[in-house]
Structures are given as structure tokens and as C-alpha cells.
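Please find one structure pasted underneath; my questions will follow.
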Amino acid sequence: MTKVRTRFAPSPTGFLHLGGLRAALYGYLFAKKMNGDFILRIEDTDQERFVEGATEVIYDTLRDCGMNWDEGPDVGGDYGPYIQSQRKDTYLPYAQQLVESGHAYYCFCTKEELDERRAAAEARGEVFKYDKHCMHLTKEEVQAKLDAGVPYVIRQNAPTEGETSYHDEVFGDMTFPNDVLDDMILIKQDGMPTYNFANVIDDHLMGITHVMRGMEYLSSTPKYNLLYNAFGWDIPTYIHMPPVMRDATHKLSKRDGDAYYSDFVNKGYLPEAIINYLALVGWNPGNDREFFTLEELVEAFDVGRINKSPGIFDVEKLTWFNWEYIRKMDFEKYLAMVTPWFDKVLAGKGIDYRRLAQLMQERTEVFNRVPDMVKFLGELPEYDIDLYTHKKMKTNPEVAKAALEMVKPVIEGIDNWTEETIHDVLMAAIAQAGLKNGAVLWPLRIAISGQASTPGGAIEIAWLLGKEETLRRLDAGLAKLA
RNA sequence: GGCUCCUUGGUCAAGCGGUUAAGACACCGCCCUUUCACGGCGGCUACAGGGGUUCGAAUCCCCUAGGAGUCACCA
């Protein structure tokens, strides 16, 4: 049995978006599951859309996620080069071979002419299809134009009747009538192959056994098969994948501005969480399991369980995955990762990051939410005295005032500023006063934090703030309640 | 418009002729609790519609509707 070889073939037109990442992921998972090779090929035949640096972004993203390729532009391999623009010269001879065998022909119609005719057809409500005009040129006519240096393209000579069928591992048996097949361009006027052509040539030359790609290629696959047949090559196994959607009617695209892998990483999403979640949009292991490392995904992956219907990308669920990953993260790693986020609002404030991190780790869903959650430690926010009213704690501004007055001298008397001491002293004082814990601790926490929700209770916060700052904020609260 | 694909709760989804139609996220209650959380318990919502086939359809067939893709010298 031949070794499985899959490929991820992105165009370097910008950042890698999540739909593309998932395509790469499935290709990687399948190859590894089958003990095969995963190949990275850069499809840059469209020079107008080429974006500087985009190739590096693809490398970085894939590596970041742990998907290493066995062959590719930077790691080499026996089937290189792996960048299509560097393979430019390999395509033309194949196209010419097709011209020889009658499966393709030279076309001298200009883009402008074609655009006009296309517009005219559309105006008539018809679908434009190239009429094989240039196919009827005689050999001599063609040669004369070629000799005269007339710009040309090479088109596929597609059949106009009958139908073409193929099998897809996800979608099953597909049949398309041939009369909808247009004579697609194989070689562009600039000498570059089109994606449609290069992809067939390269997949064959690179020994790709399983072609995995988005389902938008479902309807052009017959044209590719015609090419394989014309060359007498084996048709690869097709695995078309459903798209990742933004909502029911829109694909997740670059236009959303929020679909790039890097957008999520910058917000504080973990690569592991992104990969884990992405794997589950469009595929499932057949059981209830949701958490997988990349290695575990390889183990569990099964092409037969790829869904046919599009899946909507749910940020809420991704966030949940991220949070779970953060909670399970090694504490020292968390501390290192959260520090820059603390610094955004607490730099130079003298807060004990280690203790704060302990309090924050299980509350961190996404890192970019951290600053807002801890900002109050650096500076007491403006707050309304309504916060002192809490039904369950049985507090209101009057009760709060009394509680703060009671607690102030107690805190002033604490010399050994540790959480344990603060806790013990406070609890003793509350018990002695015959009050409920909540009736005192709620107002205290409000006074020193200025907000209803905080990472940790009054005691932890008081400790983090330090005795001096705690008392200062207590006085401010008292002044507010006066 | 032609061709192709898709259609189970708000979302991801299990299911592949017989189930009380799983599970997860989200949401809503209750409990716990010095806040918010966490945790525990419980709840809410689904087979697009209509015809068949069958003793029996979410599961098979047909039609309709809705959505998506494609019809480039973009990939």
C-alpha cells in the first residue's frame, strides 16, 4: 500500500484565517493518522494578490499549533520546489502536451473581448461560456499568431455532452453533467498556470494520494479529473470539507476582520484551545469526548466522521475551551503569560502578581479580559453607593457605614499583615459584634474595590492592597457614606 | 438562472427503521458561599414542510421551501 500524502496548499494572500487553519488541521490529522506525510505547498501563481510576509505567517501559525510538515519550501523534500512560482517552467510543457493530444488549445481572445461578451451574455440573462472559438483555428493560423508574438492562453478542451462522476470520501458519489463545464484556462497570458491547472500537475508530481480541500471545489473536480485522464494519471482520493461559517449565511472570511488565527492569539486565546475547538467544527469523534491534544486528535481522527453540512464558528464555545485550558495550565506558565496583561494596568503599583495570579487563574477565560478585572487594584474606581446595598447580605448604605466604622480600628490594629491574620482578626471582630459575615465583608469589599465583582473576597483583596491602601480606601468609603 | 451540496434545540452535535431523540456551549432557576465565580442539582428549547414505502420513520424514496457553493487569465 502506498504511503498517504496530503497537502495544505494556501495562497500567501494575507494572514491565515481559521477556515484555512482547519483545512490544514484535517489534512495534517489524516496524514498522521495514516502514518503518512503532510506537505506544505505555497500557491502563489496569482502575483497580483501576493502579500509580502504572508508565507512566513503561514509557517509560524502552523508551527505554533504544532503541525509540522514533512516537506515544504523551508524544509525541502524530494518533490520540490514547493512554491508554485518557482515551478513556473514545469507547467507549460504539460499544457503543450495536452494541446498535442487535443485536450487543450491555444486561445488568442483578449481578456477585454471576453469581458465584453460575458457582460453581454449577462445582460441577456444568460450564463457566459467560452464558445471554443479559437479551438477551430487551423494549425497554421495558430502557429502564425504564435510566431507573431500574439499573447495567448491555453484552454482545456472540455466535453460538451455526457457526464462525469467521481467519488468523494465525505460527500459520496458525485455526478455532474459535462455541458456546464467551461473550457477553463490552464496557462495564463503571463505564462503562469492557473490554480486549476497547477494544482492538478503538482498534486500528481508530488504524489499526493488524498486531495483534501474545501467543498467549493466539488463542482470543478470533474474538470480536474478530465485532466488526470488526459494525462493517463491516477485520480487521487477526494476528501472535500464543509466550510466554517460566521453565521448561517456567511462563511468565516477575511472580511470579518475577526477570523484570523493571529486575532485570536493576540486576544489571549491559546493555540491548543483553538485547535481543539476547530477540530470539532465539522468533525466529531463519535462519542462525548471534547478535549484533545493534537496527538490525541491524530489518534481519534476519522475522515468518515467529517460532516457534510457547514458549521458555524461559535466564539462562546471557543472561549469555554480556552478557559478550561487556562485552568489546567501549569501555574508558573500561567503566571508568565498573565504578567504582561497585569502590567497593562498594574505596572509599578506594587501588587503581588503571584498571589493575584493564583486568584485569577481559574477566572481567566481569555487573557485580554484580565486587565479590566484587576484594574481596580491599581486605582479605586468611581462607584455608586448603591453597591453597598445587597439584599442577600442584608446590607444598605447605613448598615455598611456602621460596618466600616466597626472594622476600621480593627484593621488599624493588625500588625502582621497576612491573609491568615486579617481573616482571623476580622472574623473574631465580626463574631464579637454579633454580626453576619456578609453584612461586614460585603461593605468592606465594596469599599476597597469599588466594584460588585472581584477576583477574590475582601480578605484577599485587602492583603493585595496592603494595610495602608486598604485603610485609605476604607476612609474614602466612609466619606462617601457620610 | 443552470448545475451541485446541505437542513436534528440559539450554536456544535449523537443518531444510520423500533431510543423517554444523547452530550457539550449558551441561557434560566435552586443549593453552597465573605462578592463574582467554581462546584452540585434541576430546567428550557430540535428532527424545515408535505407526500409516500413500512407493522413502525429523524433515519429509505419523491416533491416543496430555505440556505450554501459554483459557473474568473482568484485560489
Side-chain angles (χ1 to χ4, degrees), chain A residues 9-11 13 43-46 48-49 84 107 109-111 114-115 118 122 125-129 151-155 163 168 170-172 174-177 179-182 184-196 198-199 213-222 240 242-243 245 247-251 277 280-290 305 307-321 327 359 362-363 373 387 390 392-393 423 426-427 430 436-446 449 451-461:
Chain A
S11 296
T13 56
E43 308 216 330
D44 59 345
T45 56
D46 185 3
E48 287 180 20
R49 295 209 308 165
Q84 283 183 333
C107 174
C109 297
T110 66
K111 196 172 188 313
L114 259 18
D115 286 344
R118 196 187 320 275
E122 274 167 22
E126 293 167 14
V127 176
F128 176 75
K129 191 180 159 191
Y152 68 89
V153 300
I154 294 180
R155 281 181 186 275
E163 50 186 39
D168 180 87
V170 173
F171 290 89
M174 306 288 294
T175 298
F176 291 83
D179 62 1
V180 299
L181 267 28
D182 197 14
M184 64 177 183
I185 289 174
L186 270 21
I187 298 291
K188 298 187 260 191
Q189 204 175 89
D190 65 3
M192 278 287 196
T194 56
Y195 160 84
N196 294 313
N199 140 326
R213 49 155 76 126
M215 64 169 279
E216 62 267 28
Y217 296 104
L218 234 27
S219 57
S220 38
T221 297
H240 285 95
M245 310 286 282
D247 56 47
T249 56
H250 303 274
K251 211 165 137 176
Y277 172 63
L280 265 11
V281 179
W283 172 85
N284 75 81
N287 54 42
D288 286 347
R289 184 167 175 193
E290 296 200 283
R305 299 201 67 91
N307 279 90
K308 293 192 188 77
S309 46
I312 296 175
F313 181 82
D314 182 5
V315 188
E316 289 289 343
K317 184 109 190 200
L318 200 216
T319 300
W320 177 77
F321 267 105
R327 298 213 301 173
L359 259 15
E362 75 161 18
R363 299 157 200 266
M373 292 170 76
L387 278 186
H390 190 288
K392 259 184 88 182
M393 296 299 138
H423 175 271
L426 238 31
M427 288 309 185
I430 292 168
K436 288 278 211 181
N437 289 345
V440 175
L441 295 173
W442 174 274
L444 208 213
R445 196 178 56 83
I446 295 303
S449 72
Q451 56 194 44
S453 172
T454 54
I459 291 151
E460 290 88 350
I461 292 165

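Naming: A, B, ... by sequence-line order, numbering from 1 per chain. Fair warning: this is a prediction, and the values are worked out from it, not measured in the lab.
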Euclidean distance, A:Gln84 CD relative to A:Glu43 CD, rounded to 0.5 Å
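The CD atom of A:Glu43 sits 4.0 Å away from the CD atom of A:Gln84.
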Would you call the rings of A:Tyr277 and A:Phe321 parallel, tilted or perpendicular, taking 30° and 60° as the class edges?
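Ring orientation, 0 to 90° scale: tilted.
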Euclidean distance, A:Arg155 CZ relative to A:Cys109 SG, rounded to 0.5 Å:
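A:Cys109 atom SG to A:Arg155 atom CZ measures 6.5 Å (nearest 0.5 Å).
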Euclidean distance for P, B:A46 against B:C6 (whole angstrom)
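Nearest-Å result for B:A46 against B:C6 at atom P: 25 Å.
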In whole Å, I'd like the distance from the CD atom of A:Gln451 to the C1' atom of B:A37.
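Interatomic distance, CD of A:Gln451 to C1' of B:A37: 14 Å.
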In B/S/- notation, 5' to 3', how is nucleotides 21-36 of chain B contacted by protein heavy atoms closer than 4.0 Å?
-BSBS-------BBBB
So do the side chains of A:Phe171 and A:Lys308 get within less than 4.5 Å of each other, counting heavy atoms only?
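They are in side-chain contact.
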Rounded to whole Å, please give me the gap between CZ in A:Phe313 and C1' in B:A13.
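It works out to 17 Å between those atoms.
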Please identify each residue that fulfils salt bridge (Lys or Arg N to Asp or Glu O under 4.0 Å) with A:Asp314, with sequence neighbours left out.
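Checked A:Asp314 against salt bridge (Lys or Arg N to Asp or Glu O under 4.0 Å); zero matches.
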Using atom P of each nucleotide, how far apart are B:A48 and B:C12 to the nearest Å?
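Those two atoms are separated by 14 Å.
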Please state the C1' separation for the pair B:U53 and B:U8 - nearest whole angstrom.
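That atom pair is separated by 22 Å.
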Rounded distance (nearest 0.5 Å) linking atom CG of A:Asn196 with atom CD1 of A:Ile185
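The distance works out to 10.0 Å.
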Between protein and nucleic acid, restricted to nucleotides 63-65 of chain B and to nitrogen or oxygen atoms under 3.5 Å apart, what atom pairs and distances do you find?
none

When the P atoms of B:G42 and B:C25 are considered, how many whole Å apart are they?
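Roughly 15 Å separates the two P atoms.
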Which whole number of Å gives the distance between the C1' atom of B:A57 and that of B:U19?
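The answer is 13 Å between these two C1' atoms.
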Do A:Arg445 side-chain atoms and A:Ile461 backbone N/O form a donor-acceptor pair below 3.5 Å?
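Such a contact is absent between A:Arg445 side chain and A:Ile461 backbone.
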Salt bridge (Lys or Arg N to Asp or Glu O under 4.0 Å) against A:Asp44, all qualifying residues, sequence neighbours excluded:
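Here no residue qualifies.
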Is the backbone of A:His240 close enough, under 3.5 Å, to the side chain of A:Asp168 for a donor and an acceptor to pair up by distance?
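At least one qualifying donor-acceptor pair exists.
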Is it true that a side-chain atom of A:Arg289 and a backbone atom of A:Pro285 form a donor plus acceptor pair closer than 3.5 Å?
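Side chain of A:Arg289 to backbone of A:Pro285, a donor-acceptor pair under 3.5 Å: no, none is there.
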What is the separation between atom CD1 on A:Ile312 and atom P on B:A46, rounded to the nearest whole Å?
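The distance from CD1 of A:Ile312 to P of B:A46 comes to 18 Å, rounded to the nearest Å.
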Hey, is the side chain of A:Asn284 poking within less than 4.0 Å of OP1 or OP2 on B:A13, counting only N and O atoms?
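For A:Asn284, the contact criterion (side-chain N or O under 4.0 Å from OP1 or OP2 of B:A13) is not met.
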Do any N or O atoms of the protein come closer than 3.5 Å to N or O atoms of nucleotides 1-8 of chain B, and which pairs are they?
none

With sequence neighbours excluded, tell me which residues meet salt bridge (Lys or Arg N to Asp or Glu O under 4.0 Å) with A:Glu126.
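So A:Glu126 forms a salt bridge (Lys or Arg N to Asp or Glu O under 4.0 Å) with A:Arg124.
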Within this structure, what is the CG-to-P distance between A:Leu181 and B:A72, rounded to whole angstrom?
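Roughly 12 Å, once rounded to whole Å.
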Going by the rule side-chain contact (heavy atoms from CB on, under 4.5 Å), which residues pair with A:Asp247 if we only count those two or more places apart in sequence or in a different chain?
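A:Asp247 satisfies side-chain contact (heavy atoms from CB on, under 4.5 Å) with A:Thr249, A:His250 only.
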Secondary structure of RNA chain B in dot-bracket form (Watson-Crick or G-U wobble, distances below 3.5 Å, | marking inter-strand pairs):
((((((((.[[[..)..(....]]].(((((.......)))))....[[[[[..)....]]]]])))))))....
Return yes if some donor-acceptor pair links the side-chain N/O of A:Lys188 with the main-chain N/O of A:Ile154 below 3.5 Å, else return no.
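The answer is no, because no donor-acceptor pair under 3.5 Å joins these two groups.
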When you compare B:U45 with B:G40, how far apart are their C1' atoms, in angstrom units rounded to a whole number?
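It works out to 23 Å between them.
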Determine the interatomic distance between P on B:U54 and the same-named atom on B:C61; round to the nearest Å.
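Per the computed distance, 16 Å lies between those P atoms.
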Assign A:Arg213 to base, sugar-phosphate, or nothing according to its heavy-atom contacts below 4.0 angstrom with the strands shown.
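No contact.
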Excluding sequence neighbours, so at least two apart, what forms side-chain hydrogen bond (donor to acceptor under 3.5 Å, both in side chains) with A:Lys317?
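Once residues adjacent in sequence are excluded, the partners of A:Lys317 under the side-chain hydrogen bond (donor to acceptor under 3.5 Å, both in side chains) criterion are A:Glu290.
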Is the closest side-chain heavy-atom distance between A:Leu426 and A:Leu444 below 4.5 Å?
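Yes - at least one pair of side-chain heavy atoms lies under 4.5 Å apart.
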Atom-to-atom span, CH2 of A:Trp283 to P of B:A14 - whole angstrom:
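These atoms are roughly 11 Å apart.
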Out of B:A14, B:A37, B:G39, which nucleotide sits closest to the side chain of A:Glu362?
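So the side chain of A:Glu362 is nearest to B:A37.
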Distance below 4.0 Å between A:Arg327 side-chain N/O and B:G39 OP1 or OP2:
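So the side-chain polar atoms of A:Arg327 do come within 4.0 Å of the phosphate oxygens OP1 or OP2 of B:G39, strictly under.
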Excluding sequence neighbours, so at least two apart, what forms salt bridge (Lys or Arg N to Asp or Glu O under 4.0 Å) with A:Arg305?
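Checked A:Arg305 against salt bridge (Lys or Arg N to Asp or Glu O under 4.0 Å); zero matches.
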Taking B:A22 as the reference, what is the distance to B:G15 when you measure between their C1' atoms (whole Å, please)?
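Roughly 8 Å separates the two C1' atoms.
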Just compare B:A68, B:A14, B:G39 and give me whichever is closest to any side-chain atom of A:Met245.
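Nearest to the side-chain atoms of A:Met245, counting from C-beta on, is B:A68.
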My understanding is that only residues two or more places apart in sequence, or in another chain, count here; which of them pass side-chain hydrogen bond (donor to acceptor under 3.5 Å, both in side chains) with A:Thr194?
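Scan of A:Thr194 (side-chain hydrogen bond (donor to acceptor under 3.5 Å, both in side chains), adjacent residues dropped) gives none.
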Under 3.5 Å, which N/O atoms of the protein pair with N/O atoms of nucleotides 73-75 of chain B?
residue, atom, partner, partner atom, Å
B:C73, O2, A:Gln189, N, 2.8
B:C73, N4, A:Cys109, O, 3.2
B:C73, N4, A:Lys111, N, 3.3
B:C73, N4, A:Gln189, NE2, 3.4
B:C74, OP2, A:Lys188, NZ, 2.9
B:C74, O2', A:Asp46, OD2, 3.2
B:C74, O2', A:Arg49, NE, 3.2
B:C74, O2', A:Arg49, NH2, 3.1
B:A75, OP1, A:Thr45, OG1, 2.7
B:A75, OP1, A:Asp46, N, 3.4
B:A75, OP1, A:Lys188, NZ, 2.6
B:A75, OP2, A:Tyr195, N, 3.1
B:A75, O3', A:Ser11, OG, 2.9
B:A75, O3', A:Glu43, OE1, 2.9
B:A75, O2', A:Ser11, OG, 2.9
B:A75, N3, A:Tyr217, OH, 2.9

